[in-house]
Every structure is written in structure tokens, then in C-alpha cells.
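Below is one structure; the comments refer to it alone.
Excluded from the calculations below are hydrogen atoms, water molecules and symmetry mates; all remaining heavy atoms, backbone and side chain alike, are included. Residue numbers begin at 1 in each chain, while the letters A, B, ... track the order of the sequences. Since the structure is predicted, the reported quantities are computational estimates derived from the model, not experimental observations.
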Amino acid sequence: MLQGALAGLAAGGLYAVLAVCLTLMSRLVRVVNFSQAATGMFGGFVAVWLVTETGLPIWLGSVLGVLLAGVLSGVIGWIAATWLSEADTTTRSAMTVGPLLLLISLSFILFGNKPQPFASIISGPAFTVGGVVISQVTLVTVSLAIVVAVAVRILLTRTAIGTRLRALSERPTTAELLGIPSKPLSIAVWVVTGVISAIAIVVVAPTQSNDAISLAMLIVPAAAAALLGGFKRLDLAVVGGLVLGVLSGLVAQIDEVSLIRNFLPFLFIVVLLLWTQRKEVWDAAR
Amino acid sequence: MSALIIDDIAVSRGAGPVIQGVSFRLEQGRVTALVGPNGAGKTSLLDGISGVAPISAGTIRIDGTPIEKLSRVARAKQGIVHIEQGRAVFPSLTVRENLSLTARTPAEIDAALARFPELEKRIDAPTALLSGGEQQMVVLARAFAARPRFLLIDEMSLGLAPVVFMRLLPIVSEIAEQGVGVLLVEQFTHLALGLAEEALVVASGQVSFQGPAATLREDASLLHRAYLGGAAA
Ligand SMILES: Nc1ncnc2c1ncn2[C@@H]1O[C@H](COP(=O)(O)OP(=O)(O)OP(=O)(O)O)[C@@H](O)[C@H]1O
Ligand SMILES: [Mg+2]
């Protein structure tokens with residue numbers, strides 16, 4: 001039981017990293033980036049191809065794949081900053097469905113629709129507590145989620161660039177009138193979140209279902225986790241990711257309910273929405 | 001001393017042009033009052049100059065250099081600072097953070113704050129928690145710290161108690177004395193004309209008076225006709 005819950009923690013760490021990136025994107029560049037996991041998936045697939053077909057060392061292939069994911073994300077950001085800079089969040093978010101579908105089809109065309117032979121960068125147990133094994137992958141993803149959330153918080157509140165990013169997110173036009181370069185800064189946010197998401201995906205992919213759709217659709221549990229923090233709070237996004245991971249690890253253990261595993265993020269979203277809207281719902285019911 | 005030269009510009013919004021055939025010079029070191037009835041196009045004119053709205057005709061130059069094709073950010077770098085209508089503070093940023101957006105050094109933050117002693121005890125408070133007058137002080141201090149060559153101010157008085165506004169007005173003169181060309185849009189016509197050297201009246205998207213502020217100040221009927229779009233000068 002406990003082992004099952006902890007097994008879910010690796011995935012939970014991945015959800016948490018993606019949720020932090022989604023939250024950051026929503027706050028800083030006014031977008032719910034549906035292609036957040038897809039760019040990481042594509043970078044990961046290219047990394048696998050580089051390692052298996054061209055014989056690059058795993059670490060080099062992974063670095064190149066992660067960088068590619070950052071560039072792809074940057075290109076999508078460039079599109080948003082160039083043609084949709086004045087558009088509302090809904091329109092900008094809808095735009096990111098395009099690259100999501102494009103990257104899934106492209107990976108079918110280039111790499112087929114099978115799970116990819118991801119080679120593990122990290123594997124094996126990290127340590128054992130009370131007979132329960134914590135894997136290195138779990139350790140790395142959970143730490144990555146926490147480190148990224150803390151680092152982002154420090155960046156936003158303690159540095160000059162963070163102040164500029166917050167100014168841009170609050171009043172983009174006013175910020176530009178003060179000479180704050182919105183376009184390069186927002187593209188940088190896309191690149192950095194693209195790189196971070198890809199790192200998490202490349203680390204976890206060897207131990208998860210890693211076909212194109214499963215990886216690209218990690219956006220669903222990530223969005224559920226980000227929703228816990230209202231797409232604003234980084235700490236709650238991390239908590240949401242970890243809780244969701246542990247829950248799905250638990251559910252997978254219990255035969256009677258293991259089927260709902262795939263719907264868990266949706267359930268999570270529905271419950272959260274009902275909870276946050278409860279006042280309106282109750283008022284309407286009266 | 002350089003000048004901002006607006007030549008025959010038009011600004012379109014949705015349906016059609018709201019500013020048409022407007023030309024004037026903004027000299028460094030002087031205050032020009034820009035007045036006119038509600039909906040005349042004052043805000044649209046400032047938007048066209050700073051790049052918030054594109055201009056559909058004409059040129060904008062600083063000395064010889066055309067800037068009308070530059071982005072807002074590039075125009076800001078050329079020394080044009082536009083204070084928008086309303087309170088253009090970044091609400092979650094503290095007073096210090098607001099100023100750090102334009103000040104290059106902590107000393108410049110202090111210099112900008114020196115004009116507003118009332119802000120010093122609120123320096124680490126989020127600007128959302130400040131009063132309207134204090135917020136407008138932050139906006140002015142932030143603009144001052146940007147060391148503009150030209151400062152466009154849109155209805156600083158909006159929503160402020162008259163005493164607060166009277167407190168802020170002399171600072172506009174001080175900023176101009178430092179060599180900044182100020183374009184002051186104001187509903188309180190008499191106050192703006194009292195402060196300014198030059199005046200510009202815009203009615204229905206066109207300039208209906210252009211000349212010394214004193215001329216308008218002393219001739220109420222001329223001001224009245226200019227508001228109605230009559231007297232071109
Ligand atoms: N974003 C917009 N879209 C469409 N029309 C606009 C827009 N902004 C302003 N207008 C129109 O342009 C005209 C000029 O408006 P503008 O705000 O420039 O006037 P103003 O002189 O600043 O008025 P006020 O004194 O009330 O601030 C008005 O008729 C207004 O309805
Ligand atoms: Mg106006």
C-alpha cells in the first residue's frame with residue numbers, strides 16, 4: 001500500500017514540475033500552455049533517436065533533446081508574442097492546442113506510435129525507509145519540483161529581472177512604456193519553462209508509459225495540479241502534483257478502483273472546481 | 001535642447017480617425033498644456049506619440065530622427081515617457097520596486113523619492129495599499145527616475161482631491177526645469193494653463209488653438225471658441 005503510494009510519487013514529482021511551469025506561464029505570459037508537455041515529449045523522442053540511431057552518449061542526447069524542447073517552446077512563445085500580444089488569455093491558450101496536435105502527429109510520422117526505448121539516465125533505489133524503497137527517479141523529480149518552485153519564487157521577489165517580469169504580467173502596456181522589453185522577456189519565460197518541463201519528462205519517461213500521447217497528455221494531471229493553486233500559487237501547484245501522483249499510485253494498487261486511475265486528474269479537476277465554486281453552486285441551488 | 005516634432009499625424013480607433021492632421025512641437029524644458037473637451041482625442045494623441053496606438057498618417061521626429069515606426073519600448077528608450085490616464089502603478093510591486101523599474105541605481109531611487117517625503121515610510125508597501133494621491137506620486141517619481149527627455153502626462157488630477165493635485169502640480173514644473181519637455185493633459189484647464197508656457201486645444205480630433213498659454217488664460221471667450229472647435233490660430 002505505502003509502496004504503491006510512494007511509487008506514484010515519481011509521477012507526482014513530474015506533475016508538480018509541469019504544474020509549476022504551467023502556473024508560471026499563466027502568471028507571467030498570460031497563457032495556459034497546452035503544449036507544455038508536448039514540447040518536452042518531442043525533445044525526449046529526439047533524444048532517444050539521437051542515442052539509438054546516431055550513437056551519441058545518453059547524457060549528450062538528452063541535453064540536445066532538452067535544448068530542442070526549449071527552442072520549440074520559444075518558437076511557440078515567439079508566435080504568441082508577435083501575433084497575439086494583445087489577445088486575451090483564452091485566445092492565447094487556444095493557440096497552444098495547435099502545436100500540441102502538431103507535435104503529436106509529427107512524432108507519429110517521425111518515430112511511429114510505439115512507446116520509445118528511453119534509456120534511463122537515472123535508475124535504481126536511492127534509499128529505503130522502513131522497508132519502503134524510494135527510487136532515485138522519485139528523489140530527483142520531487143526535488144526538482146521543490147527546487148524549481150523555490151528558485152522561481154526567489155527570482156520573482158528578489159531580482160531585478162523578477163520585478164520586471166511581475167510588472168509585465170500586471171500591466172504589460174505600462175511596462176513597455178517604461179522601456180521594459182516585453183517580447184524578449186516573455187520568450188525567455190517560454191524557453192525556460194520548456195527546458196524545465198523537458199528535463200522532468202526525460203528523467204521520468206523511462207519508467208512511465210512513454211508513447212507520444214501519454215507524454216503529451218501529462219498536461220491534464222499537470223493542469224489539475226496547477227488548478228489547486230489557482231494557476232497562481234507555486235507551492236500549492238507542487239502539493240497538487242504530489243497528491244495527485246500519490247493518489248494515482250494508491251488507486252492502481254486497489255483492484256476494484258484501479259480503472260479510475262486514468263480519470264483521476266479529471267475527477268480531481270471536477271472536485272476542485274466544485275469546491276472553489278461551492279458558494280455560487282449553493283447560492284444557485286437555494 | 002531637442003524637440004519632439006509631431007507632423008500631420010492621424011490616429012485611428014475602431015470606427016475611424018479620432019485624431020487628424022495634428023502638428024506641433026514639444027520643446028525640452030517647457031510645459032505645454034493640452035486641453036479639450038471629453039472625447040476630443042487627447043488620450044488618443046498621447047497614445048499615438050508613445051506607441052500605445054499606431055498612427056495612420058504623419059511623422060513623429062525627435063530632432064531629425066523619425067520614431068513613428070519604433071515600438072513602445074524603443075520610443076521609451078528614446079526618452080519618451082507616457083504617464084497613462086488612471087493610476088499606472090504595478091499594484092503588487094512595492095514603492096521601491098516600482099521605482100527600480102526605471103532608476104538605474106539606489107541613489108536614483110532616493111533622488112526621486114526626495115520630492116515625495118510622504119512616500120518614504122511606505123517604501124516597502126505594495127502600491128496597491130497606497131492612497132490615490134500616493135499612487136500618483138509613485139507614478140511621477142518613477143517617471144522622473146526614468147530621466148525622460150519628453151514626458152506625456154494624461155489627467156494626473158483624475159480622482160484626486162484638489163489639494164492633492166495642487167501638491168503634485170509644482171513637481172511637474174520642477175521636472176520641466178530639469179530640461180524635460182512636458183505635455184500636460186488636464187481637465188482643470190485654468191490650473192494647467194497657469195503652469196504651462198505653451199497651450200494646445202484639441203477639439204473633435206483636430207487642433208483648434210495653438211499658442212502661448214497666457215493668451216488663452218487671459219481670453220476666456222477664445223478658450224470657449226477653441227473648445228467648440230472654432231478658433232484656429
Ligand atoms: N480603444 C478605443 N476603441 C474605439 N474608440 C475609442 C477607443 N479609445 C477612444 N476611442 C474614441 O476615440 C475618441 C477620442 O477618445 P480619447 O480617449 O482620445 O479622448 P480624450 O480627449 O482623452 O477624452 P477624455 O477627456 O474623456 O479622457 C472618442 O470618441 C472615443 O470614444
Ligand atoms: Mg483621455
Segment of B/Ile80 engaging chain A (4.5 angstrom heavy-atom cut-off): backbone

Nearest-0.5 Å distance, OG of residue B/Ser71 to CD of residue A/Glu176: 7.5 Å

Verdict with reasoning, A/Leu178 to B/Phe90, per side-chain contact (heavy atoms from CB on, under 4.5 Å): CA-CA 12 Å; A/Leu178 295 174; B/Phe90 300 99; 3.8 Å; yes

Neighbour count >12 (heavy atoms, 6.0 Å) for atom CD1, A/Ile161: no

Shortest non-hydrogen separation from A/Thr174 to B/Ala88 and the atoms involved: CG2-O, 3.7 Å

Heavy-atom contact with chain A under 4.5 Å, split by part of B/Ala146: neither

Side-chain H-bond candidate by donor/acceptor type, B/Glu84 with A/Thr173, under 3.5 Å: no

Contact origin within A/Ser169 toward chain B - heavy atom pairs under 4.5 Å: neither

Pairs of heavy atoms under 4.5 Å with chain A: top-ranked of B/Lys77, B/Arg75, B/Arg142: B/Arg142

Neighbour count above 12 (heavy atom, 6.0 Å) for A/Arg153 CZ: no

Minimum heavy-atom distance B/Arg72-A/Glu86, with the two atoms named: NH2-OE2, 3.5 Å

Which portion of A/Ala175 sits near chain B, non-hydrogen atoms under 4.5 angstrom: both

Proximal component of B/Pro91, with respect to chain A [non-hydrogen, under 4.5 Å]: both

Distance, nearest 0.5 Å, that separates CG of B/Leu101 from CD1 of A/Ile180: 4.5 Å

Reported OG1-to-CG distance for the pair B/Thr102 and A/Leu177, which is rounded to 0.5 angstrom: 12.5 Å

